Amino acid sequence: MQDGVVSIAVVDADRARAAIVEEGLRAAGIPRVAIVPDSPDLLDRLVALAPDVVVIALDSPNRDVLEQMFKVSRVVERPVAMFVDRSDAATMQAAIDAGVSAYVVDGLKPERVRAIVDMAVMRFNAYSRMRRELEEAKTALADRRTIDKAKGLLMARKGLSEEAAYALLRRTAMNEKKRMVEIAQAIITAAELF
């Protein structure tokens with residue numbers, strides 16, 4: 001089992017099917033497995049449990065279930081593995097869009113649960129890393145645009161070269177013990193006031 005996975009919440013209204021998943025997880029060495037029936041307060045219960053992974057087993061996901069999984073994956077921010085008895089391409093796509101990390105059709109066997117949960121964790125971690133890198137890139141690009149705009153204002157108002165405007169921004173940031181983008185934003189705000 002992936003490092004750090006010590007608790008898993010199994011969401012299933014069918015106790016017999018949940019027992020199959022629980023058996024596979026216990027055999028894989030998971031110390032804490034909580035069976036959570038699919039209910040209107042599912043999200044609150046999962047937040048309270050704070051499992052490392054959420055495993056969902058059901059016959060066939062409908063739109064309401066997928067909407068609930070979307071909320072679960074956004075609020076709980078944990079890997080979600082879904083076992084379904086039957087499905088179609090549109091439902092699979094909706095599950096992936098809802099944040100399900102592993103979607104398995106007609107493959108609920110105790111001996112397969114460990115590998116599937118491991119894959120869900122790895123896929124979730126890879127997706128989280130890409131999402132974090134994307135957000136960092138967006139922030140860096142926005143910061144760069146802000147700094148460039150402030151440089152342009154300094155060049156126009158003070159008659160500085162681009163290098164001199166950048167040096168002034170950098171020096172001011174160091175003297176004020178602030179990030180350059182904060183100084184740049186202050187310059188833009190001041191320019192908009194005048």
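The model shown is predicted, which means the values in this text are computed figures rather than measured ones. Along the sequence shown, the residues carry numbers beginning at 1. Below, all heavy atoms of this structure are taken into account, side chains as well, without hydrogens, waters or symmetry copies.
Connection of Leu49 to Val47 is established within a shared hydrophobic cluster, with ILVMFWY side chains joined at heavy-atom distances below 4.5 Å, either directly or through further cluster members. Linking Ile, Leu, Val, Met, Phe, Trp and Tyr residues whenever their side-chain heavy atoms come within less than 4.5 Å places Met82 and Met92 in a single cluster.
A salt bridge is defined here as a Lys NZ or Arg NE, NH1 or NH2 lying under 4.0 Å from an Asp or Glu carboxylate O, and Asp148 with Lys151 meets this definition.
Between Val117 and Ile8, some side-chain heavy-atom pair lies under the 4.5 Å cut-off.
Tested against Val181 for a side-chain contact (heavy atoms from CB on, under 4.5 Å), the candidates Thr146, Leu169, Thr139 yield a single pass: Thr146. Of the residues listed (Met180, Glu182, Met174), the one engaging Lys178 in a side-chain contact (heavy atoms from CB on, under 4.5 Å) is Glu182, and it is the only one.
Scored by the salt bridge (charged side-chain N to carboxylate O under 4.0 Å, His left out) test, Arg32 finds no partners at all (sequence neighbours excluded).
For the atom pair CD of Glu133 and CD of Glu135, the computed distance is 11.5 Å after rounding to the nearest 0.5 Å.
Judged by distance alone, the side chain of Ser101 and the main-chain N or O of Pro79 form no donor-acceptor pair under 3.5 Å. Looking only at distances, a side-chain donor or acceptor of Arg123 sits under 3.5 Å from a matching main-chain atom of Val100. Arg78 places a side-chain N or O within donor-acceptor distance of the main-chain N or O of Pro51, the cut-off being under 3.5 Å.
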Under 3.5 Å, sequence neighbours excluded: what are the donor-acceptor pairs made by side chains of residues 14-30?
| unit_1 | atom_1 | unit_2 | atom_2 | d |
| --- | --- | --- | --- | --- |
| Asp14 | OD1 | Ala16 | N | 3.0 |
| Asp14 | OD1 | Arg17 | N | 3.3 |
| Arg17 | NE | Asp12 | OD1 | 3.4 |
| Arg17 | NE | Asp12 | OD2 | 2.7 |
| Arg17 | NH1 | Asp59 | OD1 | 2.8 |
| Arg17 | NH1 | Asp85 | OD2 | 3.4 |
| Arg17 | NH2 | Asp12 | OD1 | 2.8 |
| Glu22 | OE2 | Arg26 | NE | 3.4 |
| Glu22 | OE2 | Arg26 | NH2 | 3.1 |
| Arg26 | NH2 | Val33 | O | 3.4 |

